[in-house]
Amino acid sequence: MLTVKELSAWLNIKQSTLYLWVSQNKIPCRRIHGLVRFEPEAIQAWLNGFSSTSSNLPPRVPRHKAGDVDHLIEAAKRAVYTPRHGETRPTASPLGKESNDGAR
């Protein structure tokens, strides 16, 4: 069984980080009358779960072509800017007071 000090030296992390992970149940451990101890085999299995060749990663979404992004930007500009002089359209109040008061 490893102590917090031994495991933090093995993983090259601060002891406070290890205590945090223990409190959040992020790392396998045993609590023996208030003492936190780690089984090397459980820690090694836990570390193996972080292998970079994990197939649990979600499939990559293909990136959009630059033309798609340009099309989206143009559509957003058309929605915001008026055809004259690139002015922005006046926005009504979010509460709709103008239309309720007959201002529009």
Side-chain angles (χ1 to χ4, degrees):
M1 299 288 270
L2 298 171
T3 64
V4 171
K5 184 177 181 179
E6 292 168 335
L7 185 59
S8 66
W10 178 22
L11 298 177
N12 196 23
I13 60 173
K14 293 180 180 179
Q15 292 180 24
S16 59
T17 301
L18 203 50
Y19 280 116
L20 178 66
W21 289 354
V22 167
S23 69
Q24 296 174 343
N25 293 323
K26 287 184 173 182
I27 189 166
C29 67
R30 292 190 181 244
R31 295 170 199 257
I32 305 167
H33 296 292
L35 299 174
V36 178
R37 295 293 184 259
F38 305 92
E39 294 180 20
E41 299 82 17
I43 296 300
Q44 189 60 53
W46 178 74
L47 289 172
N48 291 340
F50 294 103
S51 65
S52 62
T53 59
S54 176
S55 63
N56 295 333
L57 296 174
R60 294 190 70 172
V61 177
R63 299 188 76 178
H64 296 286
K65 295 177 182 175
D68 294 341
V69 174
D70 292 340
H71 175 73
L72 289 174
I73 291 171
E74 287 300 319
K77 285 181 178 177
R78 278 194 304 270
V80 174
Y81 294 109
T82 61
R84 301 177 312 157
H85 311 295
E87 299 170 356
T88 57
R89 293 181 182 146
T91 57
S93 77
L95 300 176
K97 281 187 165 182
E98 293 93 4
S99 61
N100 291 340
D101 295 340
R104 291 192 134 200

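Nearest heavy atom pair, residue Leu18 against residue Ser8, reads CD2-N, 3.7 Å.
Applying the side chain to side chain donor-acceptor pair (under 3.5 Å) test to pairs two or more places apart or on separate chains, none has a residue in residues 9-18.
Residues passing the side-chain hydrogen bond (donor to acceptor under 3.5 Å, both in side chains) test with Asn48 are Gln44, sequence neighbours excluded. With sequence neighbours left out, Glu41 forms a side-chain hydrogen bond (donor to acceptor under 3.5 Å, both in side chains) with no residue at all. For Arg37, the salt bridge (charged side-chain N to carboxylate O under 4.0 Å, His left out) criterion is met by no residue, not counting sequence neighbours. In this view, Trp46 and Trp21, Phe50 satisfy the ring pair (Phe, Tyr, Trp, His ring centres under 6.0 Å) rule, not counting sequence neighbours.
Leu7 and Met1 fall into different hydrophobic clusters, where Ile, Leu, Val, Met, Phe, Trp and Tyr side chains are chained together by heavy-atom contacts under 4.5 Å. Tyr19 and Ile43 fall within the same hydrophobic cluster, defined by Ile, Leu, Val, Met, Phe, Trp and Tyr side-chain heavy atoms under 4.5 Å apart, directly or through other members.
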Donor-acceptor contacts, no H, no angles, side chain residues 27-34, under 3.5 Å, sequence neighbours left out:
from	atom 1	to	atom 2	distance (Å)
Arg30	NE	Glu39	OE2	2.2
Arg30	NH2	Glu39	OE2	2.8
Arg31	NH2	Val22	O	3.2

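Within the 3.5 Å criterion, the main-chain N or O of His71 finds no donor-acceptor partner in the side chain of Glu74.
Side-chain contact check for Leu47 versus Leu11: some heavy-atom pair is nearer than 4.5 Å. At least one side-chain heavy atom of Val4 sits under 4.5 Å from a side-chain heavy atom of Phe38.
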